[in-house]
Amino acid sequence: MKAPAGLSLSCDVVMLDAAWHRALPGVERLVRHAARAALAGARRSGRRSLTIALADDRRVRRLNARDRKKDKPTNVLSYPSGEAAFLGDIVLARQTVWREAREQAKTVADHLSHLVVHGTLHLVGYDHENDAEAERMEALERRVLARLGIADPY
């Protein structure tokens, strides 16, 4: 997917669980590519940055309990910064991502890419709190993923 003119993305990837790299070589490149595609699909331009943390279920469960009052791991958490240049942080839970990919008969790479796209869209203001928001966000996710060569996840 070609980025819009004037889009410059700096994406730091923080490896909090080394098993990500062992199980999915090139994971850093994969998540950067998905984040860039999401921003291009959302037609965001300018200098942007975000951080993607590749964690395990234990760490994500603690964050989910603290921040969302849900004492269980989840696949992805997004923490928008509220700033224009630094979009925020995305945290992914390895075991949950792997389990969901297996249950949904998807490759881990495709499922992970979808979750990064989903999380990145949250950082730029998309949400799914009601049906209209969910339809808008899912339609954009489908378009971005199609451009990445990934089948409709819904």
Side-chain angles (χ1 to χ4, degrees), residues 1 3 7-42 44 47-129 133-134 137-138 140-145 147-154:
M1 166 176 284
L7 173 63
S8 171
L9 176 65
S10 171
C11 179
D12 290 325
V13 179
V14 179
M15 192 68 60
L16 300 175
D17 177 7
W20 278 98
H21 193 263
R22 287 191 304 271
L24 190 58
V27 66
E28 296 96 337
R29 185 180 63 245
L30 180 95
V31 298
R32 285 186 181 106
H33 186 64
R36 188 169 285 110
L39 291 176
R44 296 302 194 262
R47 294 184 60 85
R48 310 288 177 155
S49 66
L50 60 91
T51 301
I52 299 175
L54 300 173
D56 60 9
D57 276 18
R58 182 181 50 82
R59 189 177 305 250
V60 171
R61 179 181 182 164
R62 284 196 318 257
L63 291 171
N64 204 25
R66 182 191 76 190
D67 301 333
R68 298 177 65 225
K69 308 301 182 235
K70 296 181 180 184
D71 189 18
K72 62 181 181 177
T74 187
N75 51 21
V76 62
L77 292 170
S78 296
Y79 294 93
S81 74
E83 298 176 20
F86 178 66
L87 299 175
D89 301 311
I90 298 169
V91 185
L92 294 126
R94 182 182 50 81
Q95 295 94 327
T96 296
V97 172
W98 254 254
R99 185 185 75 253
E100 289 175 348
R102 201 171 37 252
E103 291 169 355
Q104 297 169 25
K106 299 175 184 175
T107 69
V108 171
D110 284 358
H111 188 50
L112 176 59
S113 293
H114 175 214
L115 294 172
V116 170
V117 167
H118 184 87
T120 302
L121 293 178
H122 275 305
L123 296 183
V124 296
Y126 286 83
D127 215 332
H128 44 80
E129 292 298 317
E133 287 179 351
M137 186 172 180
E138 288 172 11
L140 180 52
E141 287 177 26
R142 285 183 180 101
R143 286 192 304 273
V144 170
L145 293 171
R147 289 183 186 131
L148 291 172
I150 298 172
D152 182 342
Y154 297 106

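These numbers come from the heavy atoms of this one structure, side chains and all, not from hydrogens, waters or symmetry mates.
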L30 vs S113, test: side chain to side chain contact (heavy atoms under 4.5 Å, CB included). Steps then yes/no.
CA-CA 7 Å; L30 180 95; S113 293; 3.7 Å; yes
**Study point:** Steps toward side chain to side chain contact (heavy atoms under 4.5 Å, CB included) verdict (Y79, T51)
**Key:** CA-CA 10 Å; Y79 294 93; T51 301; over 6 Å; no
Derivation and outcome, side chain to side chain contact (heavy atoms under 4.5 Å, CB included), residues F86 and L123 = CA-CA 10 Å; F86 178 66; L123 296 183; over 6 Å; no
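Across V13 and E28, no two heavy atoms sit closer than the pair CG1-CG, 3.8 Å. Summarising the geometry of R32 relative to C11, their closest heavy-atom pair is NE-O, 2.8 Å, with the distance given to 0.1 Å. What you find for L63 and V91 is that their closest heavy atoms are CD1-CG1, 4.0 Å. Across every non-hydrogen atom of G41 and V144, the tightest pair is CA-CG2, 3.8 Å. Counting all heavy atoms, side chain and backbone alike, R48 lies closest to A84 at NH1-O, 2.8 Å.
Atom-to-atom distance recorded for R61:CZ and L77:CG is 13.5 Å, nearest 0.5 angstrom. Annotation: the span from R36 atom CZ to T120 atom OG1 amounts to 11.0 Å, rounded to 0.5 Å.
Within the 3.5 Å criterion, the main-chain N or O of V27 finds no donor-acceptor partner in the side chain of W20. The main-chain N or O of P25 is never found under 3.5 Å from a side-chain atom of H21 such that the two would form a donor-acceptor pair. Without hydrogens or angle criteria, S8 side chain to R47 main chain gives no donor-acceptor distance under 3.5 Å. The closest donor-acceptor contact from the side chain of R44 to the backbone of A42 lies under 3.5 Å.
Residues V108 and D110 fail the side-chain proximity criterion, which asks for heavy atoms closer than 4.5 Å. Side chains of W98 and L24 form a contact here, defined as non-hydrogen atoms less than 4.5 Å apart. The closest side-chain heavy-atom distance from L39 to V124 is below 4.5 Å. A 4.5 Å side-chain heavy-atom check between N75 and L92 finds every atom pair outside the cut-off.
Here the options are D17, D56, D57, the test is side-chain hydrogen bond (donor to acceptor under 3.5 Å, both in side chains), and the partner is R94; only D17 passes.
Using modelled atom types and a 3.5 Å distance limit, the side chains of H118 and E141 yield a donor-acceptor pair.
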